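Here the structure comes first, spelled out in structure tokens, and everything after it is commentary.
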Amino acid sequence: MQPKVRKAVFPAAGLGTRFLPATKAQPKEMLPLVDKPLIQYGVEEAVHSGVQNIIIVTGRGKSAIEDHFDVSFELENLLESRGKKDLLAAVRGVSDLIDVCYVRQKEALGLGHAVLRARELVGPEPFAVVLSDDVIDAETPCLRQLLDIYEFFNAPVIAVMEVPPERASAYGIVDAEPITHNGARDRLFRIRDMVEKPRPEDAPSNLAIIGRYVLTPEIFDSLAAIDPGRGGEIQLTDGLKHLLRRRPIYAYRFEGSRYDAGDKLGFLMATVEFALRRRDLGAEFREYLQSLHLDGGQ
Ligand code: UTP
């Protein structure tokens, strides 16, 4: 039997330039979607998928992330003394979620480099990678869907979604062959090749890589072996291409909706949709949106 995936790596050392100036002194991963920071959605997804250890790769100016997952005695005491039980439970819920450990990426040298920084903490076992600015709403957590494929094939698997051709240049795009799985032939693919941010005419398919991966530890050797690629960064996609020469890698078109919350428009869309779904806010927020009479061209 293949080893179970116990650990998830959260690269969170990027500069978040698409969200400046908000991200000048505050990590993108701490931007709140309604009332929870982006990274908490990712950590909850990992916990609900059965992961037991979280490793966050942080950089300069990211201490708010560590504080968020730590115990805050002053805040807890204050809420307790004021009898704010619900808020106290929410605050304690975050630090009780799971144990988190941290490793630094001193310079933002790319996503692949960030993953490589977690090598010692991951050790010789399979692991997940979660990019928390990709927020995914799904009945079965997206990471759980990938883990089911990993457990079936004992091979790395990455989440993909269909994108229109004109959006291909914003993603890594896979060249992949469909595989019948559970009677269907439209979700699982064996990857032949992948291209980082191709021009629409060069895209080998409409399947874009998004921020969920289950990887095996050989990826670390691949990441250590490759040269910096696009933008002078060590790209995870290049590491995966290198690994592809040694073993099969699968792509899974997950079930659910993904929001690119690291992008301003994607973040706004996620905020509206998550707020509308909230029991405590949804009805009032819907009424407010309706009052804007958007069809009237405001
Ligand atoms: P992005 O491509 O979104 O880059 O990184 P970014 O720097 O965070 O944001 P923009 O594009 O400048 O606005 C994808 C993920 O990889 C992490 C980021 O934190 C994010 O979770 N990352 C990226 C690192 O941890 N280190 C890096 O050197 C680059």
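Predicted, not measured: the structure shown is a model, and the values here were computed from it. Both backbone and side-chain heavy atoms feed into the values below; hydrogens, waters and symmetry mates do not.
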Practice problem: State, with a plain yes or no, whether a side-chain heavy atom of Leu146 is found less than 4.5 Å away from one of Ile149. | Solution: no
Exercise. Would you give the length of the straight line joining atom CG of Leu87 to atom CD of Glu76, rounded to the nearest 0.5 angstrom?
Key: 12.0 Å
Quiz item: Same cluster for Ile219 and Leu116 if Ile/Leu/Val/Met/Phe/Trp/Tyr side chains link at under 4.5 Å?
Solution: yes
Quiz item: Under 3.5 Å, is there a donor-acceptor pair between the Gln235 and Thr237 side chains?
Solution: no
Exercise. Measure the acute angle between the ring planes of Tyr41 and Phe274, then classify it against the limits of 30° and 60° as parallel, tilted or perpendicular.
Key: perpendicular
Quiz item: Any side-chain heavy-atom pair from Ile65 and Ile56 closer than 4.5 angstrom?
Solution: yes
Quiz prompt | Carboxylate-amine/guanidinium contact Glu80 Lys85, below 4.0 Å | solution = no
Exercise. Give the cluster check for Phe69 versus Leu38: same hydrophobic cluster or not, with ILVMFWY residues linked at side-chain heavy-atom distances below 4.5 Å.
Key: no
Practice problem: List the steps, then state whether side-chain contact (heavy atoms from CB on, under 4.5 Å) holds for Ile249 with Val157. | Solution: CA-CA 6 Å; Ile249 302 179; Val157 50; over 6 Å; no
Quiz item: Are the side chains of Glu177 and Arg192 in touch, meaning some heavy atoms are under 4.5 Å apart?
Solution: yes
Self-check item: Heavy-atom closest pair, residues Met194 and Ile209
Solution: SD-CD1, 4.0 Å
Quiz item: Ion pair present between Lys241 and Glu196, side-chain N to carboxylate O less than 4.0 angstrom?
Solution: no
Quiz item: In the single-linkage hydrophobic clustering (I, L, V, M, F, W, Y; side-chain heavy atoms under 4.5 Å), do Leu109 and Leu111 co-cluster?
Solution: no
Practice problem: Can you establish whether the number of heavy atoms outside Asp86 located under 6.0 Å from its atom CG is more than 12? | Solution: no
Exercise. Kindly compute the distance separating CG (Leu188) from CG (Asn182), expressed to the nearest 0.5 Å.
Key: 9.0 Å
Exercise. Ignoring hydrogens and angles, tell me if any N or O in the side chain of Arg144 forms a donor-acceptor pair with the backbone of Ser49 under 3.5 Å.
Key: yes
Exercise. Please answer: with hydrophobic residues joined when any side-chain heavy atoms are less than 4.5 Å apart, are Ile210 and Val160 in the same cluster?
Key: no
Quiz item: Do the side chain of Arg104 and the main chain of Val57 share a donor and acceptor less than 3.5 angstrom apart?
Solution: no
Quiz prompt | Flag side-chain contact, heavy atom, 4.5 Å: Val43 against Phe10 | solution = yes
Show me the donor-acceptor pairs within less than 3.5 Å that the side chains of residues 120-140 make with the rest of the protein, sequence neighbours left out.
residue	atom	partner	partner atom	Å
Glu125	OE1	Arg6	NE	3.0
Glu125	OE1	Arg6	NH2	3.4
Glu125	OE2	Arg6	NH2	2.6
Glu125	OE2	Lys7	NZ	3.3
Asp133	OD2	Lys28	NZ	2.6
Asp134	OD1	Arg258	NE	3.0
Asp134	OD1	Arg258	NH2	2.8
Asp134	OD2	Gly211	N	2.6
Asp137	OD2	Arg277	NH1	3.1

Quiz item: Between Val51 and Val9, is there a shared hydrophobic cluster once you connect ILVMFWY residues whose side-chain heavy atoms come closer than 4.5 Å?
Solution: no
Quiz item: How long is the gap from CG on Asp70 to OG on Ser63, to the nearest 0.5 Å?
Solution: 11.5 Å
Quiz item: Hey, are Glu273 and Tyr259 close enough side-chain-wise for a donor-acceptor pair under 3.5 Å?
Solution: yes
Quiz item: Has the side chain of Gln145 got a donor or acceptor atom that lies under 3.5 Å from a matching backbone atom of Glu255?
Solution: yes
Practice problem: Please step through side-chain contact (heavy atoms from CB on, under 4.5 Å) for the pair Leu289 and Val272, ending with a clear verdict. | Solution: CA-CA 9 Å; Leu289 291 178; Val272 170; 4.0 Å; yes
Practice problem: Run the salt-bridge test on Arg190 and Asp175 with the 4.0 Å N-O cut-off and return the result as yes or no. | Solution: no
Exercise. Would you mind reporting whether Gln26 and Leu31 have side-chain heavy atoms less than 4.5 Å apart?
Key: yes
Exercise. For residues Glu66 and Thr58, determine if any side-chain heavy atom of one lies less than 4.5 Å from a side-chain heavy atom of the other.
Key: yes
Practice problem: Report yes or no: is the cationic atom of Lys197 (NZ for Lys, CZ for Arg) under 6.0 Å from the centre of the six-membered ring of Tyr171, at an angle within 45° of the ring normal? | Solution: no
Practice problem: Check Ala275 against Val34 and note the closest heavy-atom contact, atom names and distance. | Solution: N-CG2, 3.7 Å
Practice problem: Might you point out which heavy atoms bring Arg167 and Val163 nearest each other, and give the distance in Å? | Solution: CB-CB, 4.2 Å
Exercise. Say whether, by atom type as modelled, one donor and one acceptor occur between the side chain of Gln105 and the main chain of Gly110 under 3.5 angstrom.
Key: yes
Practice problem: In plain terms, say whether Asp260 and Arg18 are close enough for a salt bridge, that is, a side-chain N and a carboxylate O under 4.0 Å apart. | Solution: yes
Quiz item: Does one side chain, of Ser169 or Arg199, offer a donor that lies under 3.5 Å from an acceptor on the other?
Solution: no
Quiz item: What distance do Phe285 atom CZ and Thr271 atom OG1 have between them, rounded to the nearest 0.5 Å?
Solution: 8.0 Å
Quiz item: If you round to the nearest 0.5 Å, how far is CG of Leu15 from CZ of Phe19?
Solution: 15.5 Å
Exercise. List the steps and the verdict of side-chain contact (heavy atoms from CB on, under 4.5 Å) for Tyr213 and Val115.
Key: CA-CA 11 Å; Tyr213 310 74; Val115 171; over 6 Å; no
Quiz item: Do the two ring centres, one from Tyr250 and one from Phe189, sit under 6.0 Å apart?
Solution: no
Self-check item: Worked verdict on Leu147 versus Val214 for side-chain contact (heavy atoms from CB on, under 4.5 Å)
Solution: CA-CA 7 Å; Leu147 289 169; Val214 175; 3.7 Å; yes
Self-check item: Residue pair Met161 / Tyr252, side-chain heavy-atom distance below 4.5 Å
Solution: no
Quiz prompt | Flag for His113-Glu233: side-chain donor and acceptor within less than 3.5 Å | solution = no
Quiz item: Which heavy atom of Gly59 sits nearest a heavy atom of Ala13, and at what distance?
Solution: N-CB, 3.8 Å
Exercise. State, to 0.1 Å, how close Pro156 and Pro248 come at their nearest heavy-atom pair, and which atoms those are.
Key: CD-O, 3.5 Å
Quiz item: With Glu218, which of Arg247, Arg246, His242 fulfils side chain to side chain donor-acceptor pair (under 3.5 Å)?
Solution: Arg247
Practice problem: Can you measure from CD1 (Ile55) to CG (Asp99) and round to the nearest 0.5 angstrom? | Solution: 11.5 Å
Quiz item: Has the side chain of His48 got a donor or acceptor atom that lies under 3.5 Å from a matching backbone atom of Glu44?
Solution: yes
Quiz item: With respect to His68, which candidate in Gln40, Lys36, Glu29 satisfies the side chain to side chain donor-acceptor pair (under 3.5 Å) definition?
Solution: Gln40
Exercise. Might you confirm whether atom CD of Glu166 has over 12 heavy atoms from other residues, nucleotides or ligands at distances under 6.0 Å?
Key: yes
Quiz item: So do Arg212 and Phe254 actually touch side chain to side chain, heavy atoms under 4.5 Å?
Solution: no
Exercise. Can you see which heavy atom on Ile234 is nearest to which on Pro228, and at what distance?
Key: CD1-N, 3.8 Å
